[in-house]
Amino acid sequence: MVITNWQFAAGANNAAWPILDSGGTALDAVEAAINHVELLTDEFYVGYGGSPNTLGETTLDAMIMWGPSHDAGAVGCLKRVKKAVSVARHVMERTQHTLLVGDDATRFAVEMGFVETSLTNGASLKAWTEWAVKNEKSDAWQPERRGGGQKPEGHDTVGSMAIDRQGNICVGCSTNGRTFKLPGRVGDSPIAGAGAYCDNDVGAAIATGDGDVMMRFLPTYHTVELMRQGASPEEAAREAIRRITGKGYNFDGAIVALNKNGQHGSVRIGWEGEEFGYGVQRGGESNQFSVEAM
Ligand code: SD4
């Protein structure tokens with residue numbers, strides 16, 4: 001089975017399903033699902049052509065984690081390379097490292113054969129020029145969102161998790177982060193246990209939302225550990241979110257969790273007036289789940 005969050009779930013799961021259906025690995029399936037979203041031309045918050053930083057540049061965060069070996073690879077603030085999760089997979093498979101960042105991650109990607117290209121398109125350029133003429137400071141300079149405060153705009157991180165015929169679990173995620181972020185900003189997505197986490201003995205979890213807050217709590221690690229102790233996927237995700245609100249944070253976010261038996265659940269907070277959900281493809285069946293705010 002394969003699960004992907006947000007409105008692009010069906011397309012992503014469609015890209016992954018033939019791999020799983022023909023006996024392929026969850027690793028290949030998750031990479032295919034995420035690549036599908038990274039290359040969508042009209043998706044602003046994942047991949048190229050979206051969420052410019054204060055200098056107008058789009059940079060990418062992604063990770064992939066493979067259950068059988070508990071190995072992970074990630075890139076943070078990756079520049080000028082489109083398939084961030086595939087670069088993350090190269091970090092995992094070709095090196096002993098877990099996380100490479102910035103221009104050095106780009107150099108690594110080029111050494112691995114990836115094409116270097118601009119990540120700017122009409123949409124990201126328009127968003128940046130409209131913002132830049134206002135001469136405002138990035139909202140990253142606002143006070144912390146504890147007990148109130150202004151939440152950052154925008155959303156979407158693609159997170160996918162799959163279980164293959166061998167019972168192996170893989171999880172991954174990819175995003176361009178946060179609009180008008182400060183140059184050099186790395187969010188939760190490339191941090192194991194923050195943006196995504198899996199343990200072959202237990203299950204997996206993916207996160208989306210205000211990464212600057214969420215990464216302080218390692219919510220996907222927390223969710224998987226609670227499932228290890230017997231919590232259902234939804235209970236585990238709820239408790240992980242509660243840990244964050246319990247410290248007074250006002251944020252938008254969601255966690256989708258999957259246990260190794262194929263049970264899944266999700267909790268979201270905030271995003272008033274927005275739809276959040278996830279898609280599940282299992283056997284020949286594909287279902288979409290909408291998640292209400294807690
Ligand atoms: C980030 N978590 O970089 C990502 C963005 C996101 O819903 O998922 N927004 O903070």
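Given the structure is predicted, the values throughout are model-derived calculations rather than measurements. Every number for a ligand or one of its atoms is a count from 1 in the order of the listing.
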Of the side chain and backbone of R185, name the one, both, or neither that has a heavy atom under 4.0 Å from an atom of ligand 1.
-> side chain
Relative to ligand 1, is D61 under 4.0 angstrom through side chain, backbone, both or neither, heavy atoms considered?
-> neither
Numbered atoms of ligand 1 (with element) below 4.0 Å of T208, judged on heavy atoms = 6 (C), 7 (O), 8 (O), 9 (N)
A student checking ligand 1 against W271 at a 4.0 Å heavy-atom cut-off should list atoms 7 (O)
Angle class for the W6/W271 ring planes (parallel below 30°, perpendicular above 60°, tilted otherwise)?
-> perpendicular
To which protein heavy atom is atom 8 (O) of ligand 1 closest, and what is the distance rounded to 0.1 Å?
-> T157 OG1, 2.4 Å
Number the atoms of ligand 1 from 1 as they appear, then name those within less than 4.0 Å of a heavy atom of D188, with their elements.
-> 1 (C), 2 (N), 3 (O), 4 (C), 10 (O)
Separation between OG of S160 and CZ of F8, rounded to the nearest 0.5 Å = 8.5 Å
Rounded distance (nearest 0.5 Å) linking atom CE of M92 with atom NE2 of H97 | 15.5 Å
In the protein, what heavy atom is nearest to atom 9 (N) of ligand 1, and what distance, to one decimal place, separates them?
-> G209 O, 3.2 Å
Report yes or no: is the cationic atom of R145 (NZ for Lys, CZ for Arg) under 6.0 Å from the centre of the six-membered ring of F251, at an angle within 45° of the ring normal?
-> no
Full working for side-chain contact (heavy atoms from CB on, under 4.5 Å) between T245 and I269 = CA-CA 9 Å; T245 55; I269 186 159; 3.4 Å; yes
So Y278 and F289, would you call those rings parallel, tilted or perpendicular, with 30° and 60° as cut-offs?
-> parallel
